[in-house]
Amino acid sequence: MSYTPNLLLQNVRPVGGDFDGAQTVDIRITDGTITEIGTELNPQKENETIHDADGTYVSGGWMDMHVHLREPGYEHKETIETGCAAAAFGGFTEVACMPNTNPAIHTRDVVEFIKKKSEKLAVEVHPIGCVSKERKGKSIAEMGDMKAGGAVAFSDDGDPVYNSQLMRVALEYSSMLEMPIINHEEDLKLSRPGHMHEGKVSARLGIDGTPAIAEETMIARDILLAEFTGGHIHVAHISTAKAVDLVRQAKADGINVTTEVCPHHFDLIDEEIERRDFDTNVKMHPPLRTQEDVNAMIEGLADGTIDAICTDHAPHSIEEKEVEFIYAPNGIIGLETAWAVSVKRLLDSEVLDLQILLTKFVEKPREILNLDIPKIKEGAKANLTLFNVDEEWTFAESTVRSKSKNSPYLGEKMKGRAEAIYNKGRFVINEI
C-alpha cells in the first residue's frame, strides 16, 4: 500500500453508471479525487504516478457488509490490519465488521477504537454495533451513541436476537436512527447442537444436524416484526430455499426487508463434508445446505430477492480448526475468493451479467447501510476496484493475506481476480 494522491490510470474499462465496460479510457486522480476521464491523457505533474492497466475493468470500490475482523480481543485469529489486507486483495475498499469481539462493539468507545485503528488503511472499516449490551440479549445497547461514533448498523451476529420483545424495541429504535438491524437468523432451540445441515448426509454420517426450519422460523418472526414496527430488518447470510421464498414474499408485500448471501452458500453443498472426509474448513453457520438450496440462492440473486453478496469472513487459527469436526468452530475466510467464486457461479453461467453482478458488490451493500455509493465521474472521490474476469490463478497459502487460512478453497484453481484497489488516496496493487 502506498499513499498515492495523484494517479493516472491508463487503459481501463469502466463499468457502472454511464459505462458498460466496452470503452477504454484513462482516469486522472488528483488529491484523491477523479479530475479527468478521457483518452490518451498525458501526465501533468512530476509526482503523478502512472499505472497502465492494460485494458482491465474498473468499477466503484466493492464493499463487504459482513466480515469478522476479530479485533479487539481475538487478534490471534485476525487483526484489523490483516483483515483489511485480505479485503484489499479481494477487491474490497470498504467492509462492515461484526461486533462479536471482546469487548463487544456495544459502546461508542469500541466503535471509535476500530475507526481509529483503520484510518490509515486503504480499506474503510465501518463498525456494526451490538443490538444488546455485551450481546447478551437482555437490554438494548446505546444505539444513538454508537451511531454518533460511526456505527452503520446493529447486530448481535454470532448469536440471534432471540427475545422477540427486545427485537421489537430494537427495530423501533433503529428505525428512528434510519439504520438496519442485521439478525443472525437462528432458532436456538431448533438448531442446537447441530454441526451441519440436517438431512440425508447428516443422517448417513451420524452427525447432529441443524434443520433449515431453524433459520426459516426466525426469519418469519423478524419479517412480521418489521411489518409491525416499520423497521428495517436485514437477513444475514441466507441459506435455505424456503428462507428465500419468505423474503421474496415479504418484499412483494412492501415490508422493509433486505438480505445477503455468501459465495459458499451458492457454490458448495453439504456433501462436501463427506467428500472431504470431515474437513473443518467446510464447517460454517449457517451450514452448507443442499443442491436445492444452492439453486434457490442463485435464483434469488437473479430475480433481485437477494440484494447483496457478502463473505461472512470468519478467521480461525489452525489450532482451533485442526480438531474433530464436532469440536471445531464455525466459519471460513472468504474475502480473497468471493469474486472468483461469483465469476464461476454467476457470471460464467450467465445467471447475471457483469453490470448486475457488480451491483451486488458495489451499490446494494451501501444502499442497505445508507452509505455513499462510489461513482466513476469527474469530481467524485476516487474509490475504485480494478479487476478481471478471466485470469486463471491458484488460491495458494502464499496468496492468503488473512492471518488465518481456514478456507475450503485453498489449492483450488480460480478464475477472475481483483488486480488493485484505490481508496482514501491509497493505491494497493495485488501481486500473486
Side-chain angles (χ1 to χ4, degrees), residues 63-75 78-80 83-84 94-119 121 123-186 188 218 221-222 225-226 228-237 256-258 260 310 312 314 365-372:
M63 179 172 189
D64 188 339
M65 64 176 292
H66 189 144
V67 304
H68 300 267
L69 297 182
R70 303 303 191 197
E71 188 178 3
Y74 304 107
E75 289 85 354
E78 190 80 282
T79 65
I80 291 169
C84 286
E94 298 182 58
V95 297
C97 61
M98 286 296 175
N100 54 339
T101 51
N102 186 21
I105 310 175
H106 69 125
T107 53
R108 180 173 178 170
D109 60 321
V110 187
V111 172
E112 291 178 340
F113 165 81
I114 292 168
K115 296 290 289 185
K116 181 72 174 177
K117 287 279 288 189
S118 63
E119 64 183 4
L121 303 175
V123 176
E124 186 82 23
V125 178
H126 302 280
I128 295 172
C130 293
V131 171
S132 66
K133 293 179 181 178
E134 298 180 337
R135 295 177 56 248
K136 291 184 176 179
K138 294 181 179 179
S139 58
I140 291 292
E142 300 166 357
M143 289 183 171
D145 205 30
M146 286 190 287
K147 178 179 180 179
V152 296
F154 305 105
S155 179
D156 280 355
D157 189 65
D159 290 303
V161 178
Y162 203 63
N163 184 301
S164 297
Q165 175 62 15
L166 186 73
M167 177 58 93
R168 173 189 174 175
V169 174
L171 283 165
E172 290 170 341
Y173 275 128
S174 65
S175 182
M176 289 186 286
L177 296 170
E178 298 183 328
M179 296 167 72
I181 298 291
I182 303 172
N183 201 19
H184 174 112
E185 307 287 359
E186 180 185 2
L188 300 175
M218 190 63 85
R221 182 207 71 168
D222 285 350
L225 285 171
F228 182 73
T229 62
H232 177 184
I233 189 72
H234 180 78
V235 174
H237 40 53
N256 194 2
V257 57
T258 52
E260 66 191 29
C310 71
D312 194 12
R366 292 179 173 97
E367 287 177 1
I368 292 165
L369 299 176
N370 300 305
L371 297 171
D372 291 336

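This one's a predicted model, so the numbers in the text were calculated from it and none came from an experiment. Position 1 is the first residue of the sequence, and the numbers go up from there. Values reported hereafter were calculated over all heavy atoms of this structure, with side chains retained and with hydrogens, waters and symmetry mates removed.
Closest approach of Ile114 and Cys97 over heavy atoms only: CG2-SG, 4.0 Å. Taking every heavy atom of both residues into account, Val131 and Ala170 meet most closely at CG1-CB, 3.6 Å. Residues Gly230 and Ser175 approach most closely at O-OG, 4.0 Å, considering heavy atoms. The shortest non-hydrogen separation linking Ala151 to Val111 is N-CG1, 3.6 Å. Across every non-hydrogen atom of Ala226 and Leu171, the tightest pair is N-CD1, 3.9 Å. Of all heavy-atom pairs spanning Asn163 and Gly137, the tightest one is CB-O, 4.2 Å.
A salt bridge links Glu172 with Arg168: at least one charged nitrogen is closer than 4.0 Å to a carboxylate oxygen. The existence of a salt bridge linking Glu112 and Lys115 is excluded, since no basic side-chain nitrogen approaches an acidic carboxylate oxygen closer than 4.0 Å.
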Would Met63 and Leu371 satisfy side-chain contact (heavy atoms from CB on, under 4.5 Å), going step by step from the backbone distance to the final call? CA-CA 10 Å; Met63 179 172 189; Leu371 297 171; 3.6 Å; yes
side-chain contact (heavy atoms from CB on, under 4.5 Å) evaluation trace for Asp157 with Ile128: CA-CA 10 Å; Asp157 189 65; Ile128 295 172; over 6 Å; no
Lys138/Lys133 under side-chain contact (heavy atoms from CB on, under 4.5 Å): CA gap, chis, key distance, verdict: CA-CA 7 Å; Lys138 294 181 179 179; Lys133 293 179 181 178; over 6 Å; no
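Remark: side-chain polar atoms of Arg135 are not paired, donor with acceptor, to backbone N or O of His106 under 3.5 angstrom.
Here NE2 of His66 is found 6.0 Å from SG of Cys310. Values are rounded to the nearest 0.5 Å. Here the CE atom belonging to Met218 is positioned 7.0 Å from the OG atom belonging to Ser164, to the nearest 0.5 angstrom. The distance from atom OG1 of Thr258 to atom CE of Met65, rounded to the nearest 0.5 Å, is 6.5 Å. In this structure, CG on Asn100 lies 8.0 Å from CG on Asp159, to the nearest 0.5 angstrom. Distance check: Leu225 CG to Met167 CE gives 7.0 Å after rounding to the nearest 0.5 Å. Lys147 contributes atom NZ, which lies 8.0 Å from atom CG of Asn370 (distance to the nearest 0.5 angstrom).
Every residue two or more places apart in sequence or in another chain that forms a side chain to side chain contact (heavy atoms under 4.5 Å, CB included) with Thr79 is listed here: Glu71, Glu75, Glu81, Thr82, Lys403.
Put simply, the side chain of His234 does not reach to within 4.5 Å of the side chain of Leu369, judged on heavy atoms. Two residues are said to be in side-chain contact when any heavy atoms from C-beta on lie closer than 4.5 Å; Pro103 and Pro72 meet this criterion. At a threshold of 4.5 Å between non-hydrogen side-chain atoms, the residues His68 and Tyr74 do not count as touching. In this structure, the side chains of Val235 and Val257 come closer than 4.5 Å at one or more pairs of heavy atoms.
By the neighbour-count criterion of 12 heavy atoms within 6.0 Å, atom OH of Tyr173 is sparsely surrounded, having that number or fewer from other residues, nucleotides or ligands.
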Throw together a table of side-chain donor-acceptor distances under 3.5 angstrom for residues 176-185, partners on residues two or more places apart or in other chains.
from: Asn183; atom 1: OD1; to: Val161; atom 2: N; distance (Å): 2.9
from: Asn183; atom 1: ND2; to: Asp222; atom 2: OD2; distance (Å): 2.8
from: His184; atom 1: NE2; to: Glu186; atom 2: OE1; distance (Å): 2.7

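Remark: the Ser174 side chain and the His232 side chain contain no N/O donor-acceptor pair separated by less than 3.5 Å. Side-chain atoms of Glu94 and His126 form a donor-acceptor pair, as typed in the model, at a separation below 3.5 Å.
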